[in-house]
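Worksheet for the structure shown next.
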Amino acid sequence: MFKVNILTAYPEMFPGSLGYSILGKALKENKWSLNVINLHDFGFDGRKSIDSEPFGGGPGMVIRPDVVEKALLSFNVKDPNECKFIYLTPSGMPLKQSNLLEYIQFSELVLLCGRFEGVDQRAINVLNFIEISIGDYVLAGGEIAAKVLVEGCIRLIPGVLGHPESLLEESFSNDLLEYPQYTRPRVWVDAKNKKHEVPEVLVSGHHENIKKWRKDKSMEKTKFIRPDLIKK
Ligand code: SAH
């Protein structure tokens with residue numbers, strides 16, 4: 001079973017959104033498991049503090065390496081070679097769908113969520129965390145970033161998605177964005193009494209034409225929104 005360990009100063013935030021829909025169902029069915037470790041349990045003083053001022057000065061606080069190490073040593077990772085250690089940080093490598101496919105090949109993940117100005121770099125280096133960012137913006141903490149990574153991974157685990165074939169043609173699977181989707185009603189009359197029809201080809205029943213139309217739309221959209229994907 002795929003196991004996710006989370007090191008956080010806010011354990012109440014989990015499972016949170018990870019407990020709903022297909023992920024929540026898979027969690028109940030033991031298709032994955034979640035172990036949440038409270039960094040404050042390993043605080044260094046009577047107030048269970050986990051952070052100190054940055055050396056060299058500057059605003060904010062930094063999570064201490066000794067606290068992270070103690071939290072990490074408080075539970076057993078089955079096999080460290082089968083476990084990926086990830087620190088979520090805006091200064092890390094940008095997360096890609098291909099990374100998620102790589103992570104689920106491991107049997108376990110350890111995700112370190114930062115807060116304040118981040119985590120002492122020695123903890124990252126010595127404890128072998130790789131640094132991963134979920135995008136070019138700065139959040140207040142690593143918890144939502146960790147949830148993004150976990151959600152992306154879990155839906156890829158065989159048996160979690162109701163329709164596994166969804167994974168074959170979705171965005172990024174072929175370095176393309178997905179084609180636009182349509183459903184009923186075939187003619188939608190909006191509140192201003194304007195009619196909007198579904199593209200004719202999709203209701204034609206002609207599978208080859210539908211395939212070609214989708215491929216073209218996929219290409220068109222990717223060229224416009226994410227030309228960097230096509231260059232790959
Ligand atoms: N001083 C840091 C930002 C700290 S933000 C810097 O300038 O790089 C506080 C915490 O939020 C980080 O330790 C990290 O765990 C999390 N975080 C913020 N933005 C993130 C992002 N884009 N991706 C992943 N984690 C992020």
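Throughout, numbering of the chain's residues begins at 1 and tracks the sequence. Just so you know, ligand 1 is whichever comes first in the structure, and atom 1 is the first atom listed for that ligand.
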**Prompt:** Please state which protein non-hydrogen atom is closest to atom 23 (N) of ligand 1 and give its distance, to 0.1 Å?
**Reply:** Ile134 N, 3.1 Å
**Prompt:** Short list, please: which atoms of ligand 1 are under 4.0 Å from a heavy atom of Ala145?
**Reply:** 24 (C), 25 (N)
**Message:** Contact between ligand 1 and Gly60 is defined here as a heavy atom of the residue under 4.0 Å from a ligand atom; is it met?
**Reply:** no
**Message:** For a 4.5 angstrom cut-off between non-hydrogen side-chain atoms, does Thr8 reach Asn38?
**Reply:** no
**Complete:** In this structure, atom 7 (O) of ligand 1 is nearest to the protein heavy atom Pro90 CG, 4.9 Å
**Item:** Validation row: Asp120, Phe55 side chains within 4.5 angstrom (heavy atoms)
**Value:** no
**Request:** Provide the number and element of each atom of ligand 1 under 4.0 Å from a heavy atom of Gly118.
**Result:** 13 (O)
**Complete:** All heavy atoms of Phe44 vs all of Ser52, minimum pair found to be CZ-OG, 3.9 Å
**Request:** Would you mind checking which non-hydrogen protein atom is closest to atom 15 (O) of ligand 1, with the distance to 0.1 Å?
**Result:** Leu88 O, 2.6 Å
**Asked** Among all protein non-hydrogen atoms, which one is nearest to atom 19 (N) of ligand 1, and what is the separation to 0.1 Å?
**Response** Leu139 N, 2.9 Å
**Request:** Going by heavy-atom distance to atom 25 (N) of ligand 1, choose the closest among Ile86, Val62, Thr89.
**Result:** Thr89
**Message:** Using a 6.0 Å distance limit plus a 45 degree cone around the ring axis, check whether Lys31 lies over the aromatic ring of Phe2.
**Reply:** no
**Request:** Flag the pair Glu220 and Lys223 as a salt bridge only when some basic side-chain nitrogen lies within less than 4.0 angstrom of an acidic carboxylate oxygen.
**Result:** no
**Prompt:** Is it the side chain, the backbone, both or neither of Ser133 that has a heavy atom closer than 4.0 Å to ligand 1?
**Reply:** both
**Item:** ligand 1 contact by Val119, heavy-atom criterion under 4.0 angstrom
**Value:** no
**Prompt:** Given Phe116, Tyr137, Tyr87, which one has a non-hydrogen atom that is nearest to atom 12 (C) of ligand 1?
**Reply:** Tyr87
**Asked** Given the rule in the salt bridge (Lys or Arg N to Asp or Glu O under 4.0 Å) test, do Lys192 and Asp190 qualify, once you have shown the distances and angles that lead to the verdict?
**Response** CA-CA 5 Å; Lys192 290 177 184 148; Asp190 70 16; over 6 Å; no
**Qualifying residue for side-chain contact (heavy atoms from CB on, under 4.5 Å) with Val62, from Arg115, Glu117, Gln121** = Glu117
**Prompt:** Got a donor-acceptor contact below 3.5 angstrom from the Ser49 side chain to the Asp51 backbone?
**Reply:** no
**Message:** Whether Arg155 and Glu170 form a salt bridge (side-chain N of Lys/Arg under 4.0 Å from carboxylate O of Asp/Glu) is what I want to check.
**Reply:** yes
**Asked** Can you find a protein heavy atom under 4.0 Å from atom 17 (N) of ligand 1?
**Response** yes
**Heavy-atom closest contact (Leu176 atom, Met219 atom, distance)** = CD2-SD, 3.7 Å
**Message:** I'd like to check which ligand 1 atoms, numbered from 1 as shown, lie under 4.0 Å from a non-hydrogen atom of Gly142.
**Reply:** 11 (O), 15 (O), 16 (C)
**Request:** Please determine if Ile132 has a nitrogen or oxygen closer than 3.5 Å to a nitrogen or oxygen of ligand 1.
**Result:** no
**Closest approach of any protein heavy atom to atom 2 (C) of ligand 1, naming residue and atom** = Glu117 O, 3.5 Å
**Complete:** In ligand 1, the atoms that come under 4.0 Å of a heavy atom of Val138 are 3 (C), 5 (S), 19 (N)
